[in-house]
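Structure first, commentary second.
Start at 1 and go down the list; that is how both ligands and their atoms are numbered. We count residues from 1, following the sequence as given.
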Amino acid sequence: MMTSVRMKKILVTGALGQIGLELTPVLRKRYGKDNVIASDIRSPSKNFLNSGPFESLNILNRTDLEEVIKVYDIDTVFHLAAILSATGEKNPQNALEVNLFGVYNILEVSRKLNLTRVFVPSSIAVFGPETSKINAPQDISLRPRTIYGITKVTGELLSNYYYYKFGLDVRGLRWPGIISTSPPGGGTTDYAVEMFYYAVEGKRYKCFVREDTVLPMMYMPDCLKSAIMLMEADLSRLKHHADFNVGGMSFSAGELAAEIKKRIPSFEVDYEPDFRQEIADTWPKSIDDSDARIEWGWSASYNITSMAEEMINKLMKVRNT
Ligand code: NAD
Ligand code: SER
């Protein structure tokens with residue numbers, strides 16, 4: 001990956017979430033420990049607090065956000081604070097507030113303080129049941145059925161608006177379900193992470209989607225690579241800005257269980273779909289990421305086999321220490 005000369009002082013919002021916990025150390029290694037300010041509404045562990053600067057920040061408080069950006073002389077934001085799909089359906093009003101006003105506050109403060117670059121991630125949740133299930137296209141009419149998806153479409157549109165109207169360099173991509181050793185935060189794709197946790201503990205897992213449910217997924221190292229590659233890409237090559245499709249891998253819940261079973265033969269799964277099945281059924285099985293490949297050279301490194309191998313090794317190592 002080429003090294004950016006432009007991102008000097010970075011703020012990460014939602015840094016204690018599934019992605020932030022892994023993105024923050026990677027950014028610190030790349031840009032310097034004291035140049036990456038982590039923030040979240042929750043309190044960090046002692047270990048996290050000792051690993052670099054942290055600010056307690058509610059993204060809905062625009063005055064505090066502006067203050068943090070000024071105090072640290074921030075020029076780049078990775079905005080990860082959000083409410084995910086499953087939690088969002090339980091309290092749609094809260095998801096609407098955090099996801100919409102969170103993005104609006106970030107964009108507005110970044111515009112006002114003339115920041116260099118802003119990352120606002122989107123999701124496969126922008127697609128709805130009318131989208132073709134296989135290779136969901138990049139530029140189509142988006143009609144999601146979840147409140148999370150609706151806030152993500154709005155976030156994409158707002159971000160693109162700030163780019164075209166104000167020249168703010170906002171970038172974003174539609175991540176698939178992210179699989180990681182860090183715990184997931186209330187999404188529909190959480191089962192793909194939980195399966196690993198239960199398997200390494202020698203426990204039977206109750207999966208909340210059907211065995212034949214296929215969704216697009218991505219392993220965390222690819223997720224981090226995609227964010228950094230997009231943020232370091234040459235602006236003149238980008239035709240899209242805040243709404244890139246990015247692909248990783250696609251498999252059914254049953255295929256993932258079988259992949260884990262190859263390594264942990266005693267692993268068993270029961271399938272008991274709940275309200276999250278309805279959400280999963282509205283999303284595509286795979287997405288077409290040709291524009292990300294053309295505009296900033298995207299390609300994923302992991303498939304289901306290499307991802308499962310590494311996940312089990314890492315979790316086993318943690319368990320045995
Ligand atoms: P997460 O739920 O694990 O973490 C979100 C973090 O935001 C949490 O630590 C939470 O405390 C914080 N937060 C919530 N409300 C806040 C507020 N008002 N102020 C400040 N912080 C607040 O989410 P994640 O999985 O890390 O996702 C990060 C981003 O990536 C989100 O925009 C999400 O929509 C997107 N995304 C995630 C996935 C995935 O599978 N994890 C897939 C696609 C897109
Ligand atoms: N993994 C996320 C979720 O299930 C998709 O953005 O909510």
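- Between W296 and F244, the distance separating the two ring centers is shorter than 6.0 angstrom.
- Side-chain contact between R210 and T213 is present, with heavy atoms from C-beta onward closer than 4.5 Å.
- Note on residues 239-256: no pairs pass salt bridge (charged side-chain N to carboxylate O under 4.0 Å, His left out), not counting sequence neighbours.
- Side-chain contact between L256 and M307 is present, with at least one heavy-atom pair separated by less than 4.5 Å.
- For ligand 1, the 4.0 Å heavy-atom shell contains residues G14, L16, G17, Q18, I19, D40, I41, R42, L57, N58, I59, L80, A81, A82, L84, V98, P121, S122, S123, Y148, K152, W175, P176, G177, I178, G185, T189.
- Ion pairing of R111 with E108 is present here, as a side-chain N (NZ or NE/NH1/NH2) and a carboxylate O approach within less than 4.0 Å.
- In this structure, E278 places its CD atom where only 12 or fewer heavy-atom neighbours from other residues, nucleotides or ligands lie under 6.0 Å away.
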Under the criterion side chain to side chain donor-acceptor pair (under 3.5 Å), I'd like the reasoning laid out for Q277 against D281: C-alpha separation, chi angles, the key distance, then a yes or no. CA-CA 6 Å; Q277 182 69 57; D281 287 343; 2.9 Å; yes
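- Residues K262 and E309 are not paired through a salt bridge, judged by the lack of any N-O separation under 4.0 Å between the basic side chain and the carboxylate.
- Under the rule for a salt bridge (charged side-chain N to carboxylate O under 4.0 Å, His left out), K203 has no partner lying at least two apart in sequence or in another chain.
- For a heavy-atom separation below 4.0 Å, the residues in contact with ligand 2 are L84, S85, S123, Y148, G177, G187, T188, T189, W283.
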